[in-house]
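FYI, the numbering just counts along the sequence from 1. Bear in mind that the values here come from a model prediction, so they are computed numbers and not experimental data.
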Amino acid sequence: MMSSKDSEFQTINDLIDIANGFTRAKSLHVAAELDIASHLKEGRKSAFDIAKTIGCNGEFLYRLMRALTTMSIFHEEEEYGYFTQTEHSKLLLNENVRNIILLKCNFDHYRGWENFLDTVKTGSAQPYASLGIQGDYWDYMREKPEEGLRFRKGMSGYTNYVNQRVVATGDFKGFDTVCDIGGSQGVFIQEILRQNPTIKTGINFDLPYVCEKNKLLERQNIDPRFKEVEGSFFEAVPPANLYTIKRVLHDWNDEHSKKILTSIHKAMLPGGKVYIFDAVLDTINKNCYNIVAWMDLSMMQLVSGKERSEREWEALVSSVGFKIEKVIKTQDPMLPPITIITKI
Ligand SMILES: C[S@@+](CC[C@H](N)C(=O)[O-])C[C@H]1O[C@@H](n2cnc3c(N)ncnc32)[C@H](O)[C@@H]1O
């Protein structure tokens, strides 16, 4: 039986474990950056041999891999220095997963959290002030092209991962023109077109510098119905019958979100709808791990945005002339529910 002292030690260990989160994330980052998993594809291998191949210090790479095994990333064999793959480390071979990790754990992403204490105290976030960046997160992404590319690849990683299931949740029949607002590299609208042959035009709408960078992508089998339109959703969006807006409104506070929704309201063709793909907080269980509570903090610190409850969504959309028609809930928190809104 556990004594109360034992259970206190366990709790202290749990807290220290949480405090170690940064070290763990950084170790995962280095493993992804060095693409260590790809060296175990053919079977067991010594960390010292991998180190020689990739130009690392053998002992240090061994110690990194040994630490990662404590989180089920790689498995250490009986023979000293040898490792095999695990279910977790196999996933590092998936380009989408690797891009998500590289986005989440990169150095600038951490730096954006440096003044989180001030954010909580003041209720106002200045994530990149210490890097001398004025303006919002998107200005930062434009001014630091490497970060911008990492961000877009990471977002496409998320989207590619859930795309098929998310699109299958919605009903896209009867809409001639569908426009994905803030669609980044355009992978979401391409999947919508792929699953819905009756749509006539699918527009990817994003900022001019994002569309410019998209021209450099090696896109394969582009659907002739796919179109890219550049602009700012604070000014105007293209006319469409259906707007999809995925993981965008949570980037913005209510004042900015109202402006985005107003642009959509003005441009929407008669009988149109908007599908919002963002979390609805009420669908999440309290007091246990959920990804949305953590996403909410990232929104708070990095972009001054937030995740919203159904009541908050209702208040937001009704203030600009929309009403919620339906919320299609999903079981997996990785899959955003669809909040369908129409004009009042
Ligand atoms: C969090 S990302 C979401 C990307 C994509 N919808 C997804 O789910 O993967 C937000 C997107 O909004 C775009 N964005 C930011 N400000 C914008 C603006 N003023 N007008 C149009 N797009 C904007 C960004 O460039 C970025 O692609």
Return yes if some donor-acceptor pair links the side-chain N/O of [X] with the main-chain N/O of [Y] below 3.5 Å, else return no.
{"X": "Thr69", "Y": "Ser72", "value": "no"}
{"X": "Asn160", "Y": "Ser156", "value": "yes"}
{"X": "Arg98", "Y": "Ala32", "value": "yes"}
{"X": "Arg225", "Y": "Ile199", "value": "yes"}

His109 vs Asn106, side-chain hydrogen bond (donor to acceptor under 3.5 Å, both in side chains): CA-CA, chis, key distance, verdict: CA-CA 5 Å; His109 198 93; Asn106 78 77; 4.6 Å; no

Say whether [X] and [Y] are linked into one hydrophobic cluster, either directly or through other cluster members, by side-chain heavy-atom distances under 4.5 angstrom.
{"X": "Val229", "Y": "Tyr209", "answer": "yes"}
{"X": "Tyr80", "Y": "Phe83", "answer": "yes"}
{"X": "Val187", "Y": "Ile203", "answer": "no"}

Ring centre gap for Trp138 and Phe151 strictly below 6.0 Å: yes

Aromatic ring proximity, centroids under 6.0 angstrom, Trp313 and Phe322: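 No - the distance between ring centres of Phe322 and Trp313 does not fall below the 6.0 Å cut-off.
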
side-chain hydrogen bond (donor to acceptor under 3.5 Å, both in side chains) partner of Thr159, chosen from Glu191, Gln185, Lys246, Arg247: Lys246

Mutual orientation of the aromatic rings belonging to Phe22 and Tyr110 [parallel < 30°, tilted 30-60°, perpendicular > 60°]: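 Phe22 and Tyr110: tilted rings.
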
Derivation and outcome, salt bridge (charged side-chain N to carboxylate O under 4.0 Å, His left out), residues Asp139 and Arg142: CA-CA 5 Å; Asp139 294 322; Arg142 190 181 46 233; 2.8 Å; yes

Regarding [X] and [Y], is there a side-chain donor-to-acceptor distance under 3.5 Å anywhere?
{"X": "Asn115", "Y": "Gln301", "value": "yes"}
{"X": "Tyr137", "Y": "Glu147", "value": "no"}
{"X": "Glu314", "Y": "Ser318", "value": "no"}

Considering all heavy atoms, the nearest Asp206-Gly183 contact: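 Result for this residue pair: OD2-N, 3.4 Å.
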
Verdict with reasoning, Trp113 to Phe116, per ring-ring contact (aromatic ring centres under 6.0 Å, His included): CA-CA 5 Å; Trp113 287 85; Phe116 186 46; 5.0 Å; yes

Result of checking Leu92, Val30, Leu64 against Ile36 for side chain to side chain contact (heavy atoms under 4.5 Å, CB included):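 Looking at Leu92, Val30, Leu64, the match for Ile36 under the side chain to side chain contact (heavy atoms under 4.5 Å, CB included) is Leu64.
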
Of His75, Lys90, Met65, the residue whose pairing with Leu40 passes side chain to side chain contact (heavy atoms under 4.5 Å, CB included): Met65

Evaluation steps, side-chain hydrogen bond (donor to acceptor under 3.5 Å, both in side chains), between Gln126 and Asp118: CA-CA 9 Å; Gln126 301 288 324; Asp118 291 336; over 6 Å; no

Steps toward side-chain hydrogen bond (donor to acceptor under 3.5 Å, both in side chains) verdict (Asp6, Gln10): CA-CA 6 Å; Asp6 287 342; Gln10 182 55 51; over 6 Å; no

